[in-house]
Every structure is written in structure tokens, then in C-alpha cells.
Number of protein chains: 2
Amino acid sequence: MPASDRPRPGAAPPPTRATISDVALKAGVSKATVSRFLNRREELLTPEIAVRVERAINALGYIPSPMAQALKRGRSRLIGLVVADVTNPYSVAVLRGAERACQDAGYLLVLFNLGNEAEREREAIESLMAYQVEGLILNTLGADHGAIAQAMRHGKPVVLVDRRHPELQTDFVSLDNTGAVRLAAGHLIEAGFRDLLFVSEPLVGVSSRLEREAAFRAFVADHRGVAGRTFESTADAPDALDDALRRCGRSRKSRSAVLAGNAVISLRVAAAAARLGLRFGADLGLIGFDETEWAPLLGPGLTTIAQPTDDLGRLAATCLIERLNGLHLPPRQILLPGRLMLRGSSRPDASQVT
Amino acid sequence: MPASDRPRPGAAPPPTRATISDVALKAGVSKATVSRFLNRREELLTPEIAVRVERAINALGYIPSPMAQALKRGRSRLIGLVVADVTNPYSVAVLRGAERACQDAGYLLVLFNLGNEAEREREAIESLMAYQVEGLILNTLGADHGAIAQAMRHGKPVVLVDRRHPELQTDFVSLDNTGAVRLAAGHLIEAGFRDLLFVSEPLVGVSSRLEREAAFRAFVADHRGVAGRTFESTADAPDALDDALRRCGRSRKSRSAVLAGNAVISLRVAAAAARLGLRFGADLGLIGFDETEWAPLLGPGLTTIAQPTDDLGRLAATCLIERLNGLHLPPRQILLPGRLMLRGSSRPDASQVT
DNA sequence: TTGTAGGCGTTATCAC
DNA sequence: GTGATAACGCCTACAA
């Protein structure tokens with residue numbers, strides 16, 4: 001290359017990274033030897049040579065190129081993670097758990113965030129596939145079976161988190177929604193509430209929402225003397241929520257309670273209750289899915305159903321990595337129990353104790 | 001390979017992806033021709049050939065391997081993002097903005113989350129470097145200048161977000177902390193508060209915290225008749241915070257206010273105030289850095305300083321991509337203003353209006 | 001306009 | 001034990 005082509009005469013010299021050839025040269029051995037040293041160090045090279053290679057590596061600060069390795073081995077050591085919305089604390093928790101497990105197993109996580117635009121799901125999966133991720137962890141809206149199926153046809157293992165796609169033969173990791181609803185509703189009944197309202201984001205085929213709603217209906221059907229209704233709340237129609245709540249809160253004092261399908265809904269219900277002048281606990285029971293940092297600070301404290309989010313994320317990654325390691329098993333379904341975090345919003349009596 | 005070695009006799013056939021050779025073969029042309037078609041389609045191939053190639057590509061569902069391209073071109077089209085803590089809404093916002101900008105420019109974002117373990121910063125940067133990311137966006141604790149400096153020596157552009165490393169010659173994107181403090185403190189004074197307390201997480205060299213504290217001190221020094229103190233709060237010493245608050249809240253009623261250095265601190269202050277029986281607005285003014293979804297619901301509503309998080313993330317990515325596109329400029333410093341979200345916690349008079 | 005050949009950094013298969 | 005050498009999938013001179 002003629003000098004004139006170089007970026008800048010006086011600037012930093014072409015800072016090209018050391019390759020295996022450089023190491024081989026410096027150590028006075030062949031590339032193959034260096035490669036062997038790198039991969040199965042136990043299989044003894046002559047100690048003297050091993051030392052020479054090691055020195056050369058350190059001297060040059062050599063790091064193998066994952067790209068080249070990927071090319072050769074057909075394994076990228078990349079795992080793709082698609083989340084519906086990074087803004088959602090649940091997604092973040094999954095991300096956290098998964099990331100750690102991946103790193104521990106020597107994988108790097110590539111993130112694709114849908115920002116709640118379901119139509120980008122295909123794009124996400126295709127991008128990730130192009131990068132030859134070895135597997136996919138999906139916490140998505142589930143619009144696009146096609147892309148997932150295709151990934152699986154290409155032999156990439158897939159793990160679904162939270163949102164189920166029954167048509168797909170994949171591992172699935174999630175909260176035990178049915179159990180969690182029973183737990184929460186059972187607690188409300190014990191606390192003396194008899195008129196229950198389940199508020200959810202629009203169900204629109206999202207499995208976790210459907211499961212929670214179904215479990216709620218089943219629970220109510222199973223319990224004589226308990227009235228139950230359900231309501232789908234959208235962000236743009238707060239009035240409707242107010243109406244639904246009004247019917248609850250004022251009817252029979254201290255006997256009505258709301259079960260909120262997730263943290264966003266909890267917030268919406270809290271806002272609506274404030275508008276209506278209803279106090280949690282005292283006028284209206286409230287339990288919300290998903291533990292958050294602000295739950296203890298909402299009125300007398302918001303009782304929540306905490307998901308074992310870290311475990312969920314970790315398990316998802318673990319499942320995937322097991323498959324990558326050759327585990328051959330029919331699709332697993334892993335459900336973890338929720339935990340009730342008791343606070344003032346579900347204790348009518350204690351509600352005035354701040 | 002003997003049949004017995006194959007994964008499973010009846011299972012899916014080795015679902016290996018189509019390569020450029022497959023396309024060439026199918027189209028009856030050479031690999032070079034296909035490659036040309038892919039890269040500079042304008043430079044006319046015989047239309048007839050172009051059509052044949054295109055057909056072959058579609059028929060095979062061929063997607064070029066970014067790995068192989070990276071190897072050849074020395075560009076991975078990967079951008080590394082290191083965040084101190086994905087759990088932090090600020091990090092998430094940055095992530096969101098950056099991700100979108102990267103994707104629009106044809107890059108994929110690789111995430112590395114430190115989980116607040118500063119000592120993993122080096123590990124993160126080295127991992128990312130190994131994957132030949134083309135640049136780095138860092139929102140980290142700043143423990144490890146060495147790794148960053150080394151990345152830059154390797155010619156990788158770096159953009160710092162929120163946490164400044166003055167020793168490093170990099171682009172820097174952040175909130176205008178000084179201006180934001182002035183804005184908030186000024187508002188408190190106008191609202192009649194005269195006794196100000198700035199509560200922060202431990203400063204420990206984190207630039208954004210230091211800047212906010214310094215700005216606070218400067219503000220107080222500039223305003224006669226205004227008393228100001230600062231306090232560093234740790235999660236394990238709530239008592240100390242209680243003490244600090246007690247001195248505030250009870251001394252001269254309705255004249256004391258707290259400025260919380262971030263959302264975590266806001267929450268801590270809120271919890272402490274609840275313990276002490278202090279009501280925001282009425283007994284104690286409160287403004288917190290960082291807008292959150294729960295801010296409107298805390299007591300009479302928490303006044304916050306909203307950061308333009310989306311813009312920050314997007315700008316960070318844009319800066320990086322400009323550098324990747326060859327922009328040669330001295331290190332930029334981009335500061336964006338905060339916005340005051342007025343609510344009850346900073347209006348002593350209105351505090352009782354729910 | 002198109003094909004041939006060499007190489008990016010690595011690993012695997014041979015010989016030696 | 002160790003060293004050539006041929007891929008992996010792609011791009012790019014260069015030749016035709």
C-alpha cells in the first residue's frame with residue numbers, strides 16, 4: 001500500500017490486531033501449534049514450546065477472532081434475545097438473568113428490542129439469524145410464527161419466555177400464571193373481599209394475559225359467594241376504567257378488590273382510584289402482578305405478586321445452552337411460582353396505619 | 001462422515017444455510033458475479049444475468065453471512081453497548097435510543113450489562129473488542145480507563161454517556177447537570193423554600209453525581225438567604241437519611257426542600273419521609289432527578305427533572321456512527337437540557353389538593 | 001461484462 | 001509432537 005493511501009501520515013499507525021500468524025511467527029512455530037495450544041491445552045505440547053507460545057500470546061496481547069472461529073466452526077457463540085419492550089421491567093429482568101447465564105457459558109447476548117412494534121418481530125429474527133446466532137430467546141408478542149418456525153427449521157433452538165406459542169415445539173419458561181392468580185385471589189378472599197375485578201391490558205392473544213384471565217374466571221366460578229368481573233383497559237380510555245372501578249369501590253364498602261394484570265395496570269388503577277377518591281385497602285383492595293421498587297410507596301403499600309424474574313431469565317438461557325450442548329428432549333415447559341408480597345393495599349383493616 | 005455419527009437418522013437433514021457458492025451454482029455464474037450483484041447492484045451486470053442471480057437468491061433464501069463479510073472487510077457491523085445496570089431506567093432509555101439508531105444505520109447492538117459490578121468493565125470491553133465491534137457506547141462506572149484507552153488505540157471510536165472520563169479523548173453525551181440543578185433549585189426558591197438539602201448516592205468519582213453536587217453548592221453560594229447542605233445516602237444506612245431529613249423537615253415549616261440526585265434517592269427520601277410522618281409539599285418540598293412512571297403517583301405527585309433520555313441514546317449512537325463513517329473531529333461534548341415536571345411535591349400550598 | 005485466484009483468521013486433516 | 005495445507009463464506013484485484 002503506497003504511503004499516500006494511509007489514513008493520516010502523522011496519525012496513529014494502522015492499529016491492526018495481532019493474528020494467530022503473528023503469534024506463530026514470534027514464537028517460531030506454526031499456526032497449527034498455536035491453535036492447538038489455544039484449544040486443548042491439556043494435550044501436551046512440549047512444555048518448552050507451550051511456554052514460547054504463551055509468551056508470544058501475552059507479548060502481543062493476542063485475542064482469537066470470534067469471527068474467524070465462527071466461520072470455521074460454524075458456531076458464532078452468539079445468542080439472540082428478542083424482547084417486546086426493554087422498557088418493561090419484566091423484559092429487563094429476563095435480560096439480566098439471561099445475559100449472566102450466557103456470559104458464564106461463554107456466549108454473548110445480542111439484543112433486539114421490538115419497542116412494542118409486533119411487526120418488527122420478523123425483522124428481528126431475520127437479523128439475528130443473519131448473524132448466525134446459535135439460538136434464540138424470545139419474549140415477544142408472538143405475531144410471527146413463520147420466522148420462528150424457519151429459525152427452528154435451520155436447527156436453531158428457541159426458548160420462549162412468558163408468551164407461549166402453542167403451535168411451536170419449543171422450550172417455554174414462565175410464571176405459573178394460574179397458580180399466581182389463585183394465590184392472589186385466595187388471599188383477597190381470606191382478607192374479606194367478595195367482589196373481585198380483574199383488570200388486564202387487552203388480551204389480544206397474548207398467552208400470559210389469557211391465562212391469567214382464564215384462571216381468574218375459573219377461580220370465581222369455583223367460589224360461591226364471590227362475584228367476579230373482568231375488564232380490559234387501554235391507555236387511551238381512562239374513563240372506562242373509572243367507570244369499572246366506580247361500580248366496584250362504592251357498592252359494598254371494603255368488600256371490593258382489584259387484581260391488576262401487570263405493573264402498568266396497577267399504576268392505571270392507582271391513578272383512577274385517586275381520581276375517584278378511593279383509598280386502597282380502606283375503600284378498595286388491590287393486588288398487582290409484578291413487584292416493583294415503587295410498590296411499597298404507593299398509598300399504604302401495594303400488595304404484589306412477585307415473579308422470580310431472575311430465575312426465569314437464567315432458566316431460559318440455561319435451557320437454550322443445554323440444547324446447544326446437544327441435549328435432545330421433547331419441548332419442556334418450565335413454570336415457576338409467584339410470591340405474594342403482602343402490603344397495605346390488601347389489608348382493609350390495617351389500611352389507615354399509613 | 002459415517003451415518004452413525006449423524007445426529008439422528010430420521011431427524012431433520014443438516015439444515016445448512018445457502019452460501020454464495022450455492023447461489024452461483026444455481027444461477028450458472030461465478031461467485032464473483034453474485035458478489036457483485038449483492039454489493040453494487042447499479043454497476044450493470046447483463047440484465048439477464050442479474051435476473052438469474054436474483055432468482056437464485058430468492059429461491060435459496062440466501063442471506064450473506066455477516067461473519068464472513070466481517071472477516072473479509074474487517075468490519076463487523078456490530079456496536080458494543082456497555083451499561084452499568086440495565087435495571088436503571090436511565091440505562092434502558094439510552095439503550096432504546098441507541099438501539100434504534102444503530103439498526104437504522106444497519107448496525108446490530110451487542111449489549112453488555114455490568115450489573116453495577118464495576119470490576120467487570122474491563123471484561124466487558126475486552127469481550128466486545130474480541131467480537132470486533134466497530135465502536136463502543138459506554139454508560140459505565142468508569143473504573144477502567146485502561147481498557148477504554150486500549151480500545152481507542154485500536155482505532156475504535158468510543159462515546160461516553162452520562163459518566164465522563166475527562167482523561168479520555170472521546171465524544172460525550174449527557175444531561176446538562178449544572179443547568180438542571182439550577183432549574184430545580186431555582187424553582188424551589190421561587191416556591192418559597194429556603195432550606196435546601198441535596199441527597200445523592202455516594203459520589204465516589206461518578207462524574208454526573210459530582211457535577212450535580214458541585215452545581216448545587218455553587219447555586220447555594222450564589223443565593224443569599226438560602227441555606228444548603230448535601231448528604232450522601234447509602235442503601236444500608238436509612239437511619240442517617242432519617243436524621244438528615246429530620247433536621248430539615250421540622251425546623252422551619254414549609255421552607256425546607258430536598259433535591260434528590262436520582263430516582264433511587266427519590267424513593268429513599270419518600271420512604272424516609274413516610275417513616276418520619278412528613279408530607280411532601282406540605283412539610284417538605286421534594287424534587288427528584290429522573291422522570292418515572294410512578295412519579296405522578298407518589299403522594300401529591302413528585303416534581304421531577306426529566307432527562308431527554310431517548311435523544312441522549314440516539315445522539316450517542318449517531319455520534320458513533322458519524323465517526324465510523326469517517327468524520328474527523330475533536331472530541332465533542334453534547335449536553336441536553338432537562339425539563340421540569342411540576343407536581344405537588346414542590347408546591348407547598350397545593351399539597352393538600354390530593 | 002464476467003471469471004479466476006488469492007486471502008481475511010481460524011481450525012482440521014493430513015503427513016512428517 | 002509438529003508443520004504444511006486445505007477449507008469456512010465472502011470480497012477484490014486482475015485477467016479474459
Side-chain angles (χ1 to χ4, degrees), chain A residues 1-2 5 14 16-54 56-57 60-78 129-132 134 154, chain B residues 1-2 5 14 16-54 56-57 60-78 129-132 134 154:
Chain A
M1 153 161 101
D5 281 11
T16 173
R17 269 180 31 181
T19 78
I20 202 173
S21 302
D22 300 329
V23 176
L25 203 64
K26 178 141 196 161
V29 300
S30 77
K31 300 192 297 178
T33 301
V34 177
S35 176
R36 278 191 280 260
F37 175 84
L38 258 26
N39 299 323
R40 340 180 276 294
R41 359 185 11 135
E42 36 263 25
E43 195 172 300
L44 298 180
L45 322 174
T46 312
E48 190 247 339
I49 287 222
V51 173
R52 258 163 50 200
V53 173
E54 180 148 37
I57 289 180
L60 268 38
Y62 165 75
I63 302 176
S65 153
M67 298 292 172
Q69 296 186 134
L71 197 57
K72 186 64 191 151
R73 310 204 253 227
R75 322 184 33 200
S76 64
R77 308 233 52 127
L78 252 28
M129 286 295 289
Y131 270 87
Q132 259 139 359
E134 296 185 35
H154 277 33
Chain B
M1 158 160 104
D5 281 11
T16 173
R17 268 179 32 179
T19 77
I20 201 173
S21 303
D22 300 328
V23 177
L25 202 64
K26 177 141 197 161
V29 299
S30 77
K31 301 193 296 179
T33 301
V34 178
S35 176
R36 279 191 279 261
F37 175 85
L38 258 26
N39 298 325
R40 334 181 279 291
R41 351 180 23 128
E42 36 263 26
E43 194 171 303
L44 298 181
L45 321 174
T46 313
E48 190 246 341
I49 287 223
V51 173
R52 260 165 46 203
V53 172
E54 179 148 36
I57 288 181
L60 267 37
Y62 166 75
I63 303 176
S65 154
M67 299 292 171
Q69 295 185 136
L71 199 57
K72 184 63 194 159
R73 309 204 253 229
R75 321 184 31 195
S76 63
R77 309 232 52 124
L78 251 29
M129 286 296 289
Y131 269 87
Q132 257 138 2
E134 296 185 33
H154 278 32

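None of these values were measured; they are calculated from a predicted model.
- Atom CD of B:Q132 and atom C1' of C:dT10 are 12 Å apart (whole Å).
- Of all heavy-atom pairs between B:R17 and B:P64, the closest is NH2-O, 3.8 Å.
- Closest contact between the side chain of A:L45 and the listed nucleotides D:dC10, C:dT2, D:dT2 involves D:dT2.
- Look at CE on B:M67: it is 19 Å from C1' on C:dG7, rounded to the nearest Å.
- A:Y62 and A:T19 get closest at one heavy-atom pair: CE1-C, 3.5 Å.
- Considering every non-hydrogen atom in both A:A56 and A:A27, the closest pair reads CB-CB, 3.9 Å.
- Of the residues in residues 18-29 of chain B, those placing a heavy atom less than 4.0 Å from an atom of DNA chain C are B:V29, in numerical order.
- In this structure, the separation between OG on B:S76 and CG on B:L71 is 11.5 Å, given to the nearest 0.5 Å.
- Nearer to the 5' terminus of DNA chain C, by closest-nucleotide assignment, is the contact made by B:S30 (compared with the other of B:L71 and B:S30).
- Direction change of the helix axis from one end of the helix from C:dT1-D:dA16 to C:dC16-D:dG1 to the other is 50°, with five pairs defining each end axis (rounded to 10°).
- Distance OH (A:Y131) to P (D:dG9): 18 Å, rounded to an integer number of Å.
- The closest donor-acceptor contact from the side chain of A:S65 to the backbone of A:A68 lies under 3.5 Å.
- Listed pair A:S35 / C:dA12 fails the phosphate criterion, with no side-chain N or O lying under 4.0 Å from OP1 or OP2.
- Nucleotide C:dT2 holds its C1' atom 11 Å from the CZ atom of B:R52, rounded to whole Å.
- When the side-chain nitrogen and oxygen atoms of A:T33 are compared with OP1 and OP2 of D:dG3, one or more of them lie within a distance under 4.0 Å.
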Give the intermediate values and the outcome of side chain to side chain contact (heavy atoms under 4.5 Å, CB included) for residues B:I49 and B:F37.
CA-CA 9 Å; B:I49 287 223; B:F37 175 85; over 6 Å; no
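- In terms of heavy-atom proximity, A:P66 sits nearest to B:A130 at CD-O, 2.6 Å.
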Checking A:L45 against A:V29 for the side chain to side chain contact (heavy atoms under 4.5 Å, CB included) test, could you report, in this order, the C-alpha distance in whole Å, the side-chain angles of both residues, the deciding distance, and whether it holds?
CA-CA 12 Å; A:L45 322 174; A:V29 300; over 6 Å; no
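- Evaluation of atom-type donor-acceptor distances gives no pair under 3.5 Å for the side chain of B:K72 against the base of D:dT12.
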Going through the distances and angles, do B:L78 and A:Y131 end up as a side chain to side chain contact (heavy atoms under 4.5 Å, CB included)?
CA-CA 10 Å; B:L78 251 29; A:Y131 270 87; 3.2 Å; yes
Grab the N/O contacts between the protein and nucleotides 13-16 of chain D below 3.5 Å, and write none if there aren't any.
none

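- Between B:K26 and B:L60, the shortest heavy-atom contact is CD-CD1, 3.4 Å.
- Between the NZ atom of B:K31 and the P atom of D:dA7 there is a distance of 11 Å, given to the nearest Å.
- No side-chain heavy atom of A:S30 sits under 4.5 Å from any side-chain heavy atom of A:V34.
- Rounded to an integer number of Å, the gap from CZ of A:R75 to P of D:dG9 is 16 Å.
- Considering all non-hydrogen atoms of both residues, B:M67 and A:A70 come closest at SD-CB, 4.1 Å.
- Computed from coordinates, the A:Q69 CD to C:dG9 P distance equals 13 Å when rounded to whole Å.
- Rounded to whole angstrom, the span from the CD1 atom of A:I57 across to the P atom of C:dT10 amounts to 10 Å.
- The 5' end of DNA chain C is approached more closely, in terms of each residue's nearest nucleotide, by B:I49 than by the other of B:I49 and A:Y62.
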